[in-house]
Amino acid sequence: MEGVRYKIREVLDKDKIETFLQQARIGHLGMSDGHLPYVVPLNFVWTNGKLYFHGATGGRRNQVMSANPEVCFTVCEEYGTITDPVPAKTDTAYMSVMIFGKAQPIVDLDEATHMLQEMMDKYVPGYYNRPLPQQHVDKYRSAVFGGPVQVYRIDPHHISAKENPIEEVKMFKPGKNVSH
């Protein structure tokens with residue numbers, strides 16, 4: 001019975017998934033480090049049906065991805081708690097998307113520059129008064145590892161999405177709800 005309940009939560013509306021991925025601000029990149037799982041939170045950009053993120057060239061994350069580029073990127077937003085007179089039926093309003101694919105380093109400077117511009121437009125809109133110059137991207141060096149910043153792209157081979165929509169009248173509001 002449990003499986004039936006969660007099948008109902010499946011989201012198949014591509015526009016809804018698209019909008020959600022464009023607006024969400026943090027995702028979690030899941031990787032396989034040998035036999036160990038390894039998950040890191042990241043800022044990201046979803047554009048043209050592909051997911052992009054970046055980071056310093058050195059470090060564990062990039063080593064893990066170069067050994068095994070198969071990844072799962074999960075984005076989740078929690079909207080609140082849905083109350084019910086039956087405690088076991090108390091639930092969470094949320095939407096989540098899981099993207100499965102291969103993480104590939106971007107070597108093309110045009111693509112890397114475009115992605116970093118999209119990243120700035122998303123996280124600091126209007127902060128910089130001119131577009132990002134390519135030579136800036138090319139010369140940019142990480143203060144942490146002393147190497148260039150590496151941009152990655154995930155080409156999804158499978159996307160799944162689920163949601164439990166907000167039920168306005170049942171949403172928990174601290175101090176307002178009283179159990180009967």
Side-chain angles (χ1 to χ4, degrees), residues 6 9-78 94-128 130-163:
Y6 288 105
R9 294 185 177 185
E10 193 174 7
V11 177
L12 298 171
D13 181 339
K14 291 203 181 336
D15 290 340
K16 186 171 202 165
I17 294 169
E18 190 80 16
T19 301
F20 176 77
L21 288 171
Q22 285 170 358
Q23 292 173 351
R25 298 179 64 81
I26 294 177
H28 289 82
L29 177 69
M31 300 160 277
S32 294
D33 186 0
H35 296 292
L36 296 171
Y38 185 57
V39 179
V40 292
L42 293 172
N43 292 134
F44 70 96
V45 172
W46 174 260
T47 182
N48 299 326
K50 298 180 187 332
L51 191 132
Y52 291 88
F53 59 91
H54 73 300
T57 304
R60 183 175 173 193
R61 181 184 70 194
N62 294 11
Q63 289 168 352
V64 171
M65 283 189 300
S66 62
N68 181 359
E70 286 292 332
V71 298
C72 174
F73 196 90
T74 303
V75 183
C76 184
E77 296 282 328
E78 189 231 349
Y94 70 91
M95 181 157 172
S96 66
V97 176
M98 295 175 78
I99 298 165
F100 298 87
K102 267 195 166 80
Q104 300 172 31
I106 301 304
V107 289
D108 180 67
L109 187 57
D110 286 339
E111 190 175 0
T113 302
H114 176 70
M115 175 273 171
L116 291 168
Q117 182 66 57
E118 294 240 344
M119 188 73 90
M120 291 193 312
D121 292 345
K122 177 177 179 178
Y123 291 97
V124 286
Y127 184 76
Y128 298 101
R130 65 191 181 98
L132 194 61
Q134 269 198 350
Q135 61 268 30
H136 177 78
V137 176
D138 203 24
K139 290 188 174 71
Y140 185 64
R141 294 289 179 260
S142 162
V144 182
F145 294 105
V149 160
Q150 182 62 63
V151 175
Y152 283 87
R153 180 185 72 225
I154 299 174
D155 296 308
H157 51 65
H158 179 68
I159 297 175
S160 68
K162 290 188 174 165
E163 75 169 335

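Sequential numbering from 1 along the given sequence is applied to the chain's residues.
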Participant: Taking the side chain as C-beta and beyond, is there a heavy-atom pair between L51 and Y152 under 4.5 Å?
Facilitator: no
Participant: List, one per line, each side-chain donor-acceptor pair under 3.5 Å for residues 15-31, sequence neighbours excluded.
Facilitator:
unit_1 : atom_1 : unit_2 : atom_2 : d
K16    : NZ     : E163   : OE1    : 3.2
K16    : NZ     : E163   : OE2    : 2.8
E18    : OE1    : W46    : NE1    : 3.2
E18    : OE2    : Q22    : NE2    : 3.4
E18    : OE2    : W46    : NE1    : 3.2
T19    : OG1    : D15    : O      : 3.0

Participant: Is the shortest heavy-atom distance from the side chain of V97 to the side chain of I159 under 4.5 Å?
Facilitator: yes
Participant: Give, for atom OH of Y94 and atom SG of C76, the distance between the pair rounded to the nearest 0.5 Å.
Facilitator: 8.0 Å
Participant: Who are the side-chain hydrogen bond (donor to acceptor under 3.5 Å, both in side chains) partners of D155, not counting sequence neighbours?
Facilitator: K50, Q104, R153
Participant: Rounded at 0.5 Å granularity, tell me how far SG in C72 sits from CE in M98.
Facilitator: 3.5 Å
Participant: Does a side-chain heavy-atom distance below 4.5 Å link M119 with H54?
Facilitator: yes
Participant: So, do R60 and D33 sit near enough that their side-chain heavy atoms are less than 4.5 Å apart?
Facilitator: yes
Participant: Main chain of I106, side chain of Q150: is a donor-acceptor contact present, judged purely on distance under 3.5 Å?
Facilitator: yes
Participant: I need the minimum non-hydrogen distance between N68 and S32, along with the two atoms involved.
Facilitator: ND2-CB, 3.7 Å
Participant: Once you round to the nearest 0.5 Å, how far does CG of L116 lie from OH of Y52?
Facilitator: 11.0 Å
Participant: To check you understand the geometry: which heavy-atom pair defines the closest contact between Y38 and V64, and what is its length?
Facilitator: CD2-CG2, 4.2 Å
Participant: What pairs of residues pass the ring-ring contact (aromatic ring centres under 6.0 Å, His included) test when at least one of them lies in residues 97-124, not counting sequence neighbours?
Facilitator: F100-H158
Participant: Show the numbers, then the answer: is there a side-chain contact (heavy atoms from CB on, under 4.5 Å) between V71 and K102?
Facilitator: CA-CA 6 Å; V71 298; K102 267 195 166 80; over 6 Å; no
Participant: Examine distances only and state if a side-chain atom of D108 and a backbone atom of E111 form a donor-acceptor pair shorter than 3.5 Å.
Facilitator: yes
Participant: Quick one: does NZ or CZ of K122 land under 6.0 Å from the six-membered ring centre of F44, within 45 degrees of the ring axis?
Facilitator: yes
